[in-house]
Asker: 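This is the structure, below, for whatever I ask next.
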Amino acid sequence: QVQLVESGGGVVQTGGSLRISCVASGFAFARYSMLWYREAPQKEREWVATITPAGDGAMYSDSAKGRFTVSRDNDKNEVYLQMNNLKPEDTALYYCKVPGVRGSPSQDYWGQGTRVTVSS
């Protein structure tokens, strides 16, 4: 059974840093890209970052570029998002996602989210 569990959220001050994690199980983790999304209160969920299966490529939203870094450890089935120079507008629930997991039909899976709050 596919499971994604995020952790590492918390409260930080403007300009601070935080690293959040997502542990995956139930599928061939190293064969899939992994994505990070976030959802601020009363706003639509937005894409933040993507990392390729081998961890050799990454893409970021305009708001994340230059501040966030996505990485993964395929031996641990874990993906990370390092967030630096945090701003109040980064406050949101952060979710990891795996797209198109093989099955009948193929499905996307989401974690439960971890909360990040940036004060000021």
Side-chain angles (χ1 to χ4, degrees):
Q1 187 173 28
V2 174
Q3 290 189 36
L4 302 172
V5 180
E6 301 95 334
S7 64
V11 181
V12 297
Q13 294 183 343
T14 298
S17 297
L18 200 64
R19 190 176 87 152
I20 57 176
S21 302
C22 173
V23 177
S25 60
F27 65 99
F29 180 78
R31 297 187 64 176
Y32 291 88
S33 291
M34 296 294 297
L35 291 77
W36 285 101
Y37 285 75
R38 67 186 182 188
E39 185 174 342
Q42 298 181 316
K43 293 186 64 177
E44 293 185 355
R45 192 170 298 184
E46 65 173 339
W47 169 77
V48 176
T50 298
I51 188 166
T52 57
D56 56 354
M59 296 181 290
Y60 301 94
S61 67
D62 289 340
S63 62
K65 288 177 183 176
R67 300 188 299 127
F68 293 4
T69 302
V70 62
S71 60
R72 68 193 294 163
D73 185 339
N74 286 345
D75 291 333
K76 297 181 178 180
N77 284 10
E78 194 162 6
V79 61
Y80 313 94
L81 186 67
Q82 176 69 46
M83 300 180 287
N84 298 327
N85 192 24
L86 284 162
K87 305 174 181 179
E89 51 263 44
D90 296 318
T91 295
L93 284 171
Y94 283 74
Y95 299 89
C96 65
K97 169 191 174 182
V98 56
V101 176
R102 290 185 178 180
S104 185
S106 297
Q107 298 183 65
D108 300 344
Y109 290 90
W110 298 81
Q112 84 291 343
T114 187
R115 181 176 295 175
V116 173
T117 301
V118 184
S119 64
S120 294

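Position 1 is the first residue of the sequence, and the numbers go up from there.
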Asker: Identify every side-chain donor-acceptor pair in residues 42-61 under 3.5 Å, counting partners at least two apart or on other chains, and give the distances.
Answerer:
residue : atom : partner : partner atom : Å
Arg45   : NE   : Glu39   : OE1          : 3.0
Arg45   : NH2  : Glu39   : OE1          : 3.0
Glu46   : OE2  : Arg38   : NE           : 2.8
Glu46   : OE2  : Arg38   : NH2          : 3.3
Trp47   : NE1  : Ala49   : O            : 3.2
Trp47   : NE1  : Thr50   : OG1          : 2.7
Thr52   : OG1  : Asp56   : N            : 3.2
Thr52   : OG1  : Asp56   : OD1          : 2.7
Thr52   : OG1  : Gly57   : N            : 3.0
Thr52   : OG1  : Gly57   : O            : 3.4
Tyr60   : OH   : Val70   : N            : 2.9
Ser61   : OG   : Ser63   : OG           : 3.1
Ser61   : OG   : Ala64   : N            : 3.4

Asker: Under 6.0 Å between the ring centres of Trp110 and Tyr37?
Answerer: yes

Asker: Would you name the heavy atoms of Leu86 and Arg67 that are closest together and state the gap between them?
Answerer: CA-NH1, 3.9 Å

Asker: Within the distance-only criterion (no hydrogens, no angle test), does the side chain of Thr114 pair as donor or acceptor with the backbone N or O of Tyr94 below 3.5 angstrom?
Answerer: no

Asker: Under the disulfide (SG to SG under 2.5 Å) rule, what pairs show up with a residue in residues 13-106, not counting sequence neighbours?
Answerer: Cys22-Cys96

Asker: Give the cluster check for Val79 versus Ile20: same hydrophobic cluster or not, with ILVMFWY residues linked at side-chain heavy-atom distances below 4.5 Å.
Answerer: yes

Asker: CD of Glu89 to OG1 of Thr14: how many Å apart, nearest 0.5 Å?
Answerer: 8.0 Å

Asker: State yes or no: do Leu81 and Tyr109 share one hydrophobic cluster built from I, L, V, M, F, W and Y residues joined by side-chain heavy-atom distances below 4.5 Å, directly or via other members?
Answerer: yes

Asker: Minimum heavy-atom separation for Ala40 and Ala92, please, with both atom names.
Answerer: N-CB, 3.7 Å

Asker: Answer yes or no: is there a donor N or O on one side and an acceptor on the other, between the side chain of Gln112 and the main chain of Glu6, under 3.5 Å?
Answerer: yes

Asker: Measuring from Leu18:CG to Phe68:CZ, what's the distance to the nearest 0.5 Å?
Answerer: 9.5 Å

Asker: Answer whether the closest heavy-atom distance between the side chains of Val23 and Glu78 falls below 4.5 Å.
Answerer: yes

Asker: Between Leu93 and Leu35, is there shared hydrophobic-cluster membership here, with clusters defined by ILVMFWY side-chain heavy atoms closer than 4.5 Å?
Answerer: yes

Asker: Rounded to the nearest 0.5 Å, what separates atom OH in Tyr80 from atom OG1 in Thr69?
Answerer: 14.0 Å

Asker: Would you give the length of the straight line joining atom CG of Asp108 to atom NZ of Lys97, rounded to the nearest 0.5 angstrom?
Answerer: 4.5 Å

Asker: Is it the case that one hydrophobic cluster holds both Tyr32 and Leu4, taking links as side-chain heavy atoms less than 4.5 Å apart, direct or via other members?
Answerer: yes

Asker: Return the OG to CZ distance between Ser21 and Arg72, rounded to the nearest 0.5 Å.
Answerer: 13.5 Å

Asker: So, Lys65 and Asp62, do they make that salt bridge, N to O below 4.0 Å?
Answerer: yes

Asker: Mind listing the closest non-hydrogen atom pair of Pro99 and Ser33 along with its distance?
Answerer: CD-O, 3.3 Å

Asker: Decide yes or no for Val116 and Met83: does some side-chain heavy atom of the first lie under 4.5 Å from some side-chain heavy atom of the second?
Answerer: yes

Asker: Rounded to the nearest 0.5 Å, how far does OG1 of Thr117 lie from CG of Asp90?
Answerer: 11.0 Å

Asker: Which atom names give the shortest non-hydrogen contact between Pro88 and Ser120, and what distance separates them?
Answerer: CG-C, 3.6 Å

